[in-house]
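Labels below follow one simple rule: chain letters A, B, ... track the order of the sequence lines, proteins then strands, and each chain is numbered from 1.
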Amino acid sequence: MIQQTFTCSFPETLSQAYQMRREMDNSMYLGGGTDLVPLMKSGVKKPAHLIGLEKLSELRVIEKRDGGLYVGAMASLWEILRSPLVKDAFPTLSQACRRVASPQIRTVGTLGGNLLQDRRCLYYNQSEAWRSSISRCYKTGGHVCHQAPASDWCRGLYYSDTAPVLWSLGAQASIFEDEEKWMPVEQLTKEHVHRNGGVATEERILKGFWIPCPPENSRMQFEKFSVRGSLVFSVMNLALQVWLVEEGIKGRIVVGGTSPVPVLLEETGKRLETSARFSRTDWQHTGELALKELKKKSRFIRESGLSLQVKRDTLQHVASVIEGLMKKEA
Amino acid sequence: MTRMRELILHINGKKYASLIADHTTLLEFIREEGGLTGTKRGCDSGHCGSCTVLLEGRPVYSCITLAVQAEGKQVTTIEGLSGEGGTDGLHQIQKAFIDHYGIQCGFCTPGMILSAKALLEEKSEPTPEEIREAISGNLCRCTGYTNIVRSIEAAVKERLAAKGGGEGCPCKR
Amino acid sequence: MSMQKVVGNSHPGRTAADKAKGSGRYTDDLQLPGMVYGMILRSPYAHALVKSIDTRQAENVPGVLKILLPWEVPSKRYNCSGNPPSALLMKDELILTDHPLCLGDRIAAVAATSPRACREALQKLNVVYEKQEPVFDVMEALEEEAPLLHPEMGDTNLVKTIQAGEGDVEKGFEESDFLFEEVYETPPIQNVSMEPNGCICDASVPGKMMVISTSQTPFQERRILAELMDLKESDVRVIKPFMGGGFGERQQLHSQPVAALLSRETGRPVKIIHTREEQMVASVVRHSARIRMKLGVTKDGWIRGMKIEAWYNTGAYATHGPIVVAAGSRKVNYRIPHYEFRGHCVYTNGPVSGAVRGYGNPQLTFARETMMDTIARKLGMDPVAFRMKNHVKTGDHLPGVPYPLLSCAVDSCVEKGETLRRAIDEEDRKNSLWEGKSSQEKEAWGVAFCCHTSGPSSREGMSASIILINDDGSANLLIGSADIGQGSETILAQMAAEGLGIRLEEVSVTAADTGTTPYDTGTFASSQTYVSGNAVSLAVEDVRSKVMQGLAENMNLPEKAIAFQEGYFVVSQSGETLKLSLKEAVKRITFGAKGGIITGSSSYKAQEAPPPFAVCWAKVAVDQKTSSLRLMHIIEAVDVGNPINPEMVKAQVHGGVSMGIGYALMEEIQVDGQSQKVISSDLLHYQVPLAMDMPPVHVCLAESWEPSGPFGAKSVGELATVPVAAAIANAVAHATGETMVKIPLSGRFRPDVGLGRWQTSGKGRC
């Protein structure tokens, strides 16, 4: 039961949708709804108007475009994971979509929605009645983070499985704001995560993603480590795209689920660029470096289920992935 | 006052019209407006799969789908499956769940069967891993899933046999 | 018993088709004319005082019919447990309270014409709380300065200490060469029945009450409600419709008393269905336990003494607490001459604990079987051999239980399970040679043994049955026991059919309706096959003797000329024999010159509670570097006597194993220290195994026969869950060399499903 009453419209053009969002107070966009509807049920989101985007067919396109692949933000995870275009060009994207939640969620959940999903926290993802005995946090209109009372920002975790993949692939996002604008997915994610630490909602419409064709000889990898095999958020996910250059390996390694924003392993990436001459010991050291970098950049919080120690130990996987990478390329 | 609208949904090939508010979920529409109680409310937040129905042939959690999102699409509930392609008014998958002890308390069963149906429409010969994946959004506390997977495997065999008999061997007709 | 036709053969269940078609009607699927809805305002604090409730705004919500406040309900306290009356069932609970003692405690309630109006009214009730200091830890709750939860019960949070045992444990330790001592901890877990608790109470006819509810114990529910509402039991009718699981959860009343009051106040039937959040935070959990165990053994591996002191967290109310503690103490499956058990049931402001599949046994079995492994390692003995050396056998008694065992087929369990285990290892070896393996993972097996019970181990189980024989020779079986999804109606119908020589399809069952079926203690303690089964067998005998009597009268023969053999009434008459089926016999009797209607009835009180036995093996792969733990196989071999419906028995074991896996690996109702609240409020914060999380599960049924059981049967329901956690913990200990003393193991390892092999890295082609 959704206690909040609201109206729901399904505009047929982008500008109509954008206009509605601008004109109607307390309105929100509705993608697949698999993230938003449960949040409305628990009363943390109370929009008065929902603007459904599913009739905007240009947002559902999956096609080759300009030396890359274009995937509409409203394409469902199911459509993407079984699209031969995606599978061939970007197996990691296909794989990441397959590991999101469950078949039911993937039927209606969209790529745009997965990227723009709400951050989670055990004090936030609770019913209105449950939350009535604790003060409001940053995400519910208050001025505290229950995870870290001294923190001046929300420490809730961002679990998107597809964001690290899109980062690793160097994808660009197309944004509609009266006109079309492009920005790196990295930037979009950071903006989203920042806004999502409070009560503000997005006005712009995420249209889709353009992913450049991978360089010659590139290698991609996606891993998700979680408590269950399905219907579960990552303890840690990892996406990478690398390719061989003369001196070593070039590319991006991105880790999600361990902090409010995905972690780009920059230092590790730099080290890999000179890995051609590395010995076995160097491989090991590079793995350790990756772990060190990830630990430094991770911001775990209290969650139900796994202990903090086990979550920290899970980070160890990054070392084996990086070592394995150099072994394979050697 | 809450704004109401007349919504017509196609459920199991029939039209259901109701005056509803936009906050009505598909599950509420099916159970309360449609009177089809085979679709169960287990958690009401998309975590258990008891409310699984098919939307255009694909499984969804009806409890976190708005009824208005289903407008113009084909909805299939467990009641729409009975009699389809099987015997005794039962679908092959339903029959297999009965014969292979895939049912205990029965509360997850409708959702489980619909998830299985979506899989079988997609793949005629799924592997055991694909079967597990297809029902990985459906929680069952009674069976430990073993007999459910077995039931789906049996339904697959049954369908293949039926197909083979129909096409290849006139003696089986 | 090759002559059996129905018993011993599997049948998928009488109601399976209804469930497959979605036409089975569960509580929330039912509507009564004029029915309205109820909802309960629950405390957001673990401990508080309600200073005031302002209802003005809530009353103005359209559709609101009644708002019920804590000071408007009867002041008598009750115990929600669906156990037969006992001095151990403390009456410490109020229908609504202004002194909430746990998160989710019932404060107020509303009846309205729609669930939405109910919710809105609850949101508009302005309640002023004064927060009180809560206590969650059992040891802290026993300290003098701890907040006292129930001053009306006494001056301590100790509900009761249960003592059991035999011999002189100190003497046993003196006779031992080695002493082992350890403290173990087990978590509170939720039953997670798929169907949330619900009820419809109809008190619209003054002086009467009709209740449709998710109930495992309709007759106890009737007694408690009659008492609370000042009604005669004959005026209260409790009906259990289709039910989506139970696992002990519905052995407590949940919202029935509130719905009953609301119905009485409004004169309308009132339906209350729990939300999943109410299920998670406001319905009973398994008692968490802290167990100090000490075992003494001789150097050649004989156990001489066992001493247990355990603290059980019963939460804010006692419910079954002391009985759970006592029941656990009676399930030690080894010959131990000197045994001492002291179990303390303690109040805290944690979640209310009650009946959960296993009822006090999984906690102690985890501790005992983990320790048994530690000892076997120390003695250099094989873990199975060490256990078998000490295991009880037919004719022995369980420590602290003075009744000889009439059956124990643990050797058959071990033989079948070990054979299977070797085959699995062989197969795994082949596959690993084929695939190649990550070198970081270490594989190992672990084993655990246990026993449970068939009917309450206190031997309180009672049931009755009536069989109406129709004039076409078919039978209507009336039985009070509740089928909660496990298939007991089918099992009991099989027994009736077998006993009457008719087909299963010729038996219809009416069950768990206090208006039309005879008393049954209820569906708990794995009672149905054994206790209710014995009641059915007795009613069958009654039918047969009445048929024989009727035939004798009809045919002018002495009664001894008629016998029942292999499903037929055999009449011996002047050297000739005549074989009559039930149908033929009834035709002669009912429509004969004299006429007569055949009904059989019975009353059964358990004299025994024979333990079924189980042995569980778990194979795991552990990666200590990344703290990940992968389940590879579970084998469980069970001695359930002669299985009435072998496939259903196996299905029970499969389900029990999955619950045991959740208990071992990931399930725990957690209280957050900072907010002092239960955070495991939904099925994402609290995760239970899904299909991809299950390893291959292999089930073996031992060759066994229980002389006191119907058709040689014992029970299975709870048994299968009990040994799983210890088997997994022992496997992990073998793989890591480190003993696991605490579950769930998610405190130490991340359960890994082994999806790694899916994640082949790829090269993109664009």
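Interface check for chain C: of the options Q316(A), K311(A), R228(A), the most heavy-atom pairs under 4.5 Å are formed by R228(A). Contacts with chain C were tallied for Q309(A), K87(A), R302(A); R302(A) has the most, counting heavy-atom pairs under 4.5 Å. For chain A, the option among V678(C), L41(C), L745(C), D682(C) with the highest count of heavy-atom pairs below 4.5 Å is V678(C). Among Q670(C), E667(C), R748(C), Q687(C), the residue with the largest count of heavy-atom pairs under 4.5 Å with chain A is Q687(C). Considering only heavy-atom pairs separated by less than 4.5 Å from chain C, the leading option among L308(A), N125(A), V235(A), N217(A) is N125(A). With chain C as partner, the option from L69(A), L85(A), L231(A) having the largest number of non-hydrogen pairs under 4.5 angstrom is L231(A). Counting heavy-atom pairs under 4.5 Å between each of A129(A), S132(A), S127(A) and chain C puts S127(A) at the top. Between chain C and the residues I211(A), I2(A), V227(A), the largest count of heavy-atom pairs under 4.5 Å involves V227(A).
Note that the OG atom of S307(A) and the CZ atom of F749(C) stand 10.5 Å from one another [nearest 0.5 Å]. For the atom pair CG of D672(C) and OH of Y123(A), the computed distance is 3.0 Å after rounding to the nearest 0.5 Å.
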Stepwise side-chain contact (heavy atoms from CB on, under 4.5 Å) check, I679(C) with W130(A)
CA-CA 9 Å; I679(C) 54 174; W130(A) 194 99; 4.0 Å; yes
Evaluate the side-chain contact (heavy atoms from CB on, under 4.5 Å) criterion for residues E277(C) and S42(A): first the C-alpha distance (whole Å), next the side-chain angles of each, then the deciding distance (0.1 Å), finally the verdict.
CA-CA 10 Å; E277(C) 182 183 3; S42(A) 61; over 6 Å; no
side-chain contact (heavy atoms from CB on, under 4.5 Å) between Q624(C) and D313(A): does it pass, once the steps are laid out?
CA-CA 9 Å; Q624(C) 277 183 285; D313(A) 291 349; over 6 Å; no
Could you walk me through whether H317(A) and R750(C) pass side-chain contact (heavy atoms from CB on, under 4.5 Å), step by step?
CA-CA 12 Å; H317(A) 282 284; R750(C) 180 182 61 85; 3.4 Å; yes
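Judged by distance alone, the side chain of Q674(C) and the main-chain N or O of H146(A) form a donor-acceptor pair under 3.5 Å.
Q126(A) and S681(C) are linked by a side-chain donor-acceptor pair at a separation below 3.5 angstrom, with hydrogens and angles left out of the test.
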